[in-house]
Peer 1: 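Below is one structure. I have some questions about it.
Quick note on labels: first sequence line is chain A, next is B, and so on, each numbered from 1.
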Amino acid sequence: MGTSELPYRPLTFDTDGRRHLFVRENGMLAFPEGVRPAVFEVWTIEHSSLVKVEPDTGDVQMRSTADLLERLVHRLAREKVGLRLYAAGRPDFLAKVAKVADEAGLCSGEIMLGEPVGPERRVFCVHCDTLHDGVSGDTLMCQGCGTKLSVRNHYSRALGAYMGGGEPAVVIAAMEAVAHG
Amino acid sequence: MSGQTQIRDSYRPPFRVDNSEETILRFPFPFPEDNYMYSMNIEPHVKGGPVEAMSHTFDVDEHYIGECAEKARILAEDPKRCMVLPHMRDAEWDFLELGMDSLSSDYPEHFTLKKEGNDWSWENHLLNISQSFVFGDAATLPLAPFEYMARQMQGDFTLHDQRENDLWMDGGMVTSQADWSLKFDMGMSFRQWHAPVPKASEMGIFDRGLRFLLMLQYGRPVRRLNWTMTINPRLDTSPENYMIWGEDRASVTAENVAEKVHLRVELQTLYRLPRSNAVLFAIRCYLMPIKDIMTVPKWRKRLHRVLRDLDPALASYKGLDLFRPTVVEFLRPYDDGAPLSSGIQSV
């Protein structure tokens, strides 16, 4: 089967880039592999309201995911060709970074997403459009329409979420009857 | 094209869709051979072909008014069935022009288009629509150009931007789909939106299909047939409403199989659009119950053979598991095993 999932792979510095920006969900996440470029910025989420952005340093602390994403929108709007964006964190975080990058018009070779940390995914209910963050299993109850959703292996970059869909009870019963002869 | 004066079809309970003999014989039966597997079954969309449904650019049949009414109901219930990204404005006008030019020249008795420079006048006699507007000026139409025209045509339409050597799902009106969601697939690349389809990716079909479509030329549209099966004559078999129509799949019995089970065929046509360089993907859906297919000996025998020998993974993907054995068992006595002519024509 093909995949619409995000193209995750171990992060490595791309030597074709002229500027490099690494955004990460916490300070424990390792830098990309390979030769570290001369010009290199790291944005790290500290989950603290005490941090302040130091404008002239390559090591920037962010207060929250929302803080980092807002700054990323602003930054990418002013970027020129040659930037390489690297991201590390949980699937939810990578989905949001990819969405910001897509909306800013970055091409596939300009954004690198590391292997996601942990199993939590974002799920979109196809029946009622409710988004669910941090879903760790393959099933969930929709908070919007109460349908028991199965998470399908179909991912939308624009929504930053996997598709969740239900199955009518009579179909489940009929499938089980067939399976058990 | 008889009986085009009022809405007589119902594509939701209580169902009522009757096919005339003419409509049955013009049906694009999708199986040229006794067995089926995915293939690059793309051919030029030239007027004329093995069945009458292929004889016009956009096919209009006796269900036109009923299908347009059902489309309007679905759009009222779920406005996200029509979405177009802002960068597709040129493609919207391309689509409107293609639709109006084709319908008015193929069916002059039903559609009239007059042009004086950019001052256009459109009449749709079947839906009682009369509209003067300035081509290129959206403010002179009651709806955005794509939505305005797509509501007046049978079937689904998607608009694809071409960039980075790929085709992107950047617009569409989708109300008669075989279980895929426009609002979920918006913005996806060709491979991304085909990701749920089993086997075809491994067979390299999508790579070849994409390479072919990237080179599609203006004025040289292409077509292919695709199929699945639907219980009851439902145009709307969307993922959005699966909890409503899905249980139909568990309702087929030996007694109701001929009435309830429909062969659902998509006549898919693809066009390069001139100003935008976008690709239009038109997906015209035909629903034909087994009882009507039974009236054509070649088709009922071939349908029996195809369903009997269908690859199990494909059958599951198409959602046939709960009723395929019942259909095969029903058709078996009507297949004498005699060799059938190659191709989809009815004899």
Side-chain angles (χ1 to χ4, degrees), chain A residues 1-7 95 98-103 105-111 122-131 141-142 144-179 181, chain B residues 78-80 83 85 87 163-166 168-170 179-207 210 231 238-253 313 316-317 319 321-326:
Chain A
M1 192 176 287
T3 180
S4 62
E5 294 184 278
L6 290 170
K99 194 163 183 290
V100 168
D102 286 347
E103 284 166 2
L106 266 67
C107 299
S108 52
E110 297 174 319
I111 173 166
R122 200 160 184 238
V123 178
F124 176 81
C125 174
V126 75
H127 309 302
C128 78
D129 296 12
T130 301
L131 277 165
M141 291 297 285
C142 176
C145 65
T147 307
K148 183 180 179 188
L149 303 175
S150 295
V151 185
R152 306 202 186 150
N153 187 30
H154 194 34
Y155 180 82
S156 160
R157 280 183 80 135
L159 294 167
Y162 287 82
M163 183 188 284
E167 188 76 72
V170 294
V171 174
I172 295 171
M175 296 295 270
E176 284 173 356
V178 169
Chain B
D78 187 0
K80 283 189 183 169
M83 303 172 83
L85 295 180
H87 67 265
R163 58 182 192 272
E164 293 184 60
N165 269 326
D166 213 329
W168 302 84
M169 178 90 68
D170 286 348
D179 204 9
W180 70 278
S181 168
L182 175 70
K183 72 184 177 192
F184 194 82
D185 288 2
M186 273 292 282
M188 286 193 189
S189 70
F190 188 85
R191 279 185 201 81
Q192 286 169 351
W193 87 70
H194 282 115
V197 184
K199 286 188 179 259
S201 172
E202 289 86 335
M203 291 167 65
I205 291 200
F206 294 137
D207 291 336
L210 176 60
I231 310 307
S238 59
E240 286 87 336
N241 285 331
Y242 178 66
M243 296 302 284
I244 293 169
W245 61 266
E247 57 186 41
D248 289 6
R249 286 177 171 169
S251 71
V252 178
T253 65
S316 287
Y317 168 68
D321 286 345
L322 286 178
F323 53 85
R324 182 167 65 119
T326 311

Peer 1: Could you tell me the separation between the CZ atom of A:Arg157 and the OG atom of B:Ser189, rounded to the nearest 0.5 Å?
Peer 2: 9.0 Å

Peer 1: Check each atom of A:Ser108 against the heavy atoms of chain B and say whether the ones under 4.5 Å are side chain, backbone, both or neither.
Peer 2: both

Peer 1: About how many Å separate CG of A:Leu6 and CD of B:Gln192, when rounded to the nearest 0.5 Å?
Peer 2: 8.5 Å

Peer 1: Going through the checks in order, is the side-chain contact (heavy atoms from CB on, under 4.5 Å) test met by B:Asp185 and A:His154?
Peer 2: CA-CA 9 Å; B:Asp185 288 2; A:His154 194 34; 3.0 Å; yes

Peer 1: Identify which part of B:Lys80 has an atom lying under 4.5 Å from any heavy atom of chain A, answering side chain, backbone, both or neither.
Peer 2: side chain

Peer 1: Who wins among B:Gly187, B:Ala250, B:Pro239, B:Ser238 for the most heavy-atom pairs under 4.5 Å with chain A?
Peer 2: B:Pro239

Peer 1: Pull out the residues in residues 122-131 of chain A that come under 4.5 Å of chain B, heavy atom to heavy atom, sorted by number.
Peer 2: A:Phe124, A:Val126, A:His127, A:Asp129

Peer 1: Would you mind checking which part of A:Ala169 comes under 4.5 Å of any heavy atom in chain B, side chain (CB onward), backbone (N, CA, C, O), both or neither?
Peer 2: neither

Peer 1: Set out, in order, the CA-CA distance, both residues' side-chain angles and the distance that settles side-chain contact (heavy atoms from CB on, under 4.5 Å) for B:Tyr242 and A:Val171, then state yes or no.
Peer 2: CA-CA 11 Å; B:Tyr242 178 66; A:Val171 174; 4.2 Å; yes

Peer 1: Could you tell me which non-hydrogen atom of B:Ser181 sits nearest to which non-hydrogen atom of A:Met163, and how far apart they are?
Peer 2: CB-CE, 4.3 Å

Peer 1: Any idea which heavy atoms bring A:Gly166 and B:Met243 closest together, and the distance?
Peer 2: C-SD, 3.4 Å

Peer 1: Is B:Asp248 in contact with chain A via its backbone, its side chain, both, or neither, using a 4.5 Å heavy-atom distance?
Peer 2: neither

Peer 1: Got a sec, which pairs hit salt bridge (charged side-chain N to carboxylate O under 4.0 Å, His left out) with one end in residues 159-171 of chain A, sequence neighbours left out?
Peer 2: none

Peer 1: Is it the backbone or the side chain of B:Glu164 that comes under 4.5 Å from a heavy atom of chain A, or both, or neither?
Peer 2: side chain

